[in-house]
Amino acid sequence: MQSHPMLNTAVKAARRAAGIITRASRNLDTLTVQHKQPNDLVSEVDRAAEAAIIETILDAYPHHAILAEESGVTGESDYQWIIDPLDGTTNFLHGFPHYCISIALQHKGQITQAVVYDPNRNHLFTASRGSGAYLDNRRIRVSRRLQLNEALLTTGFPYRDFSNLDSYFAMLKDFTTKARAIRRPGSAALDLAHVAAGWFDGFWEYGLSPWDIAAGVLLVQEAGGLVADFHGGEEYLQSGNVVAGTPRVFGQMMQVITPHLPKPVDPDSFAAGN
């Protein structure tokens, strides 16, 4: 398989970050951990891994822009790298071996390259737009399951913004009765990669950040799956609300999600006297 040069750079960056993360995983008790906000943790490992990724990318493409979880936006370019140096920080800090590095390249608003690397299992998921999705250089496809009642779904509980908690748990209740089973592993990037590999049949979650999902979304699409925001559109990077799955299961998931979405506020309700 001939890889795109920019994809090769992302793989190199992900492996370099993985070395930092894996070494640190052996000494969790010595790490410095801070709270960005309640339930949102960052460690020195996140920052060191992110710095290594950015350095690797900018060495190869010094004029590209960066959107990274810890350092934010730097530079201006038609090319923007979207980086999560450690997706699943809480898992990592508890010694639960389920986390990954997620790197995507966006060109003029379209995700064109994606890498999700799981250092615990040594799983390297990659995709280039129009060229398919791969796990360790082997082509992957979403599962062939057709019915929601046969589907294994994955999700993430709201952990920062609880404003949609009632809506989310209404969806969860519905899916619990209509799907075969539901899992909550704790890394959205890996969840999406596992949908692409056919291990999960669908995924949904509220309130994610672009770096949580940018690479995983391309993996699912290139593996033959469908991705949308909760309204069926393409604003998932902006809204952070995403649903993904096999073509048939995806449609059935949307039918479950739609009735539980918060109702839009009617501006007329704020008319004088109300």
Side-chain angles (χ1 to χ4, degrees), residues 10 13-14 17 21 33-43 45-51 53-54 57 64-75 79-93 98-107 109-118 125 127 154-165 167-168 184-196 203-221 227-231 233-244 257 262:
I21 292 165
V33 180
Q34 296 175 317
H35 289 258
K36 291 188 282 188
Q37 51 185 310
N39 298 329
D40 195 1
L41 304 174
V42 59
S43 74
V45 179
D46 296 73
R47 294 195 173 102
E50 182 172 294
I53 292 168
I54 292 171
I57 289 170
H64 284 192
I66 302 288
L67 170 59
E69 178 172 15
E70 308 309 335
S71 56
V73 177
T74 54
Y79 291 93
Q80 184 183 57
W81 295 86
I82 304 175
I83 300 163
D84 191 336
L86 179 52
D87 187 48
T89 297
T90 299
N91 286 351
F92 170 78
L93 292 174
H98 188 86
Y99 45 83
C100 69
I101 298 109
S102 175
I103 304 172
L105 176 63
Q106 186 171 237
H107 181 232
Q110 185 176 61
I111 304 298
T112 58
Q113 309 293 333
V115 170
V116 171
Y117 182 53
D118 176 349
F125 298 90
T154 180
T155 187
F157 305 140
Y159 65 98
R160 280 182 308 225
D161 178 2
F162 300 119
S163 58
N164 290 314
L165 205 56
S167 172
Y168 172 80
R184 198 283 187 188
S187 167
L190 272 181
D191 285 347
L192 288 163
H194 292 175
V195 171
F203 165 75
W204 90 101
E205 189 167 347
Y206 261 116
L208 293 164
S209 299
W211 46 80
D212 296 320
I213 57 176
V217 159
L218 184 62
L219 286 169
V220 172
Q221 292 170 333
V227 182
D229 59 34
F230 284 173
H231 297 283
E234 298 181 356
E235 300 298 311
Y236 36 81
L237 290 182
Q238 293 77 21
S239 70
N241 305 331
V242 62
V243 55
I257 287 169

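What you see is a predicted model; the values in this text were computed from it and never measured.
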Asks: Have a look at Ile101 and tell me which of Leu86, Ile53, Ile83 forms a side-chain contact (heavy atoms from CB on, under 4.5 Å) with it.
Replies: Ile53
Asks: Determine the sole option in Leu67, Ile66, Leu105 for which the side-chain contact (heavy atoms from CB on, under 4.5 Å) test with Gln80 is passed.
Replies: Leu67
Asks: Rounded to the nearest 0.5 Å, what's the gap from CD on Gln113 to CD1 on Ile103? Could you check?
Replies: 12.0 Å
Asks: Is there a donor-acceptor pair closer than 3.5 Å between any side-chain N or O of Asp87 and the backbone N or O of Ala189?
Replies: yes
Asks: Regarding Glu50 and Ser71, do their side chains bring together a donor and an acceptor under 3.5 Å, going by distance alone?
Replies: yes
Asks: Could you pull out the closest heavy-atom pair between Pro158 and Tyr168, with the gap in Å?
Replies: CD-CD2, 3.6 Å
Asks: Would you please test Thr74 and Ile54 for side chain to side chain contact (heavy atoms under 4.5 Å, CB included) and show each step?
Replies: CA-CA 10 Å; Thr74 54; Ile54 292 171; 5.8 Å; no
Asks: Do any N or O atoms from the side chain of Asp229 and from the backbone of Glu235 form a donor-acceptor pair under 3.5 angstrom?
Replies: yes
Asks: Hey, what do you get for CH2 (Trp81) to CD (Gln106), rounding to the nearest 0.5 Å?
Replies: 12.0 Å
Asks: With side chains defined as the heavy atoms from C-beta onward, is the minimum distance between Val116 and Leu192 less than 4.5 Å?
Replies: no
Asks: Where do Leu237 and Pro210 come nearest, in terms of heavy atoms and distance?
Replies: O-CG, 3.6 Å
Asks: Report yes or no: does Asp84 contribute a side-chain atom to a donor-acceptor pair with the main-chain N or O of Ser209 at less than 3.5 Å?
Replies: no
Asks: What is the ring orientation for His98 with His194, classed by angle as parallel under 30°, tilted 30 to 60°, or perpendicular over 60°?
Replies: perpendicular
Asks: Could you go through Ile111 and Ile82, starting from their C-alpha distance and side-chain angles, then the distance that decides it, and tell me whether this counts as side chain to side chain contact (heavy atoms under 4.5 Å, CB included)?
Replies: CA-CA 9 Å; Ile111 304 298; Ile82 304 175; 4.0 Å; yes
Asks: Search all heavy atoms of Ala10 against all heavy atoms of Val115 and return the closest pair with its distance.
Replies: CB-CG2, 3.7 Å
Asks: Relative to each other, are the rings of His64 and Tyr79 parallel, tilted or perpendicular (30° and 60° limits)?
Replies: parallel
Asks: On a heavy-atom basis, which atom in Tyr206 and which in Ser167 lie closest, and how many Å separate them?
Replies: OH-OG, 2.7 Å
Asks: What's the verdict on side-chain hydrogen bond (donor to acceptor under 3.5 Å, both in side chains) for Asp46 and Thr89, showing C-alpha distance, side-chain angles and the deciding distance?
Replies: CA-CA 8 Å; Asp46 296 73; Thr89 297; 2.8 Å; yes
Asks: Write down the atom of Trp204, the atom of Ile257, and the distance for their closest heavy-atom approach.
Replies: CB-CD1, 4.0 Å
Asks: So do the side chains of Ser102 and Asp212 get within less than 4.5 Å of each other, counting heavy atoms only?
Replies: no
Asks: Ignoring hydrogens, what is the shortest heavy-atom contact between Ala193 and Leu219? Give both atom names and the distance.
Replies: CB-CD1, 3.9 Å
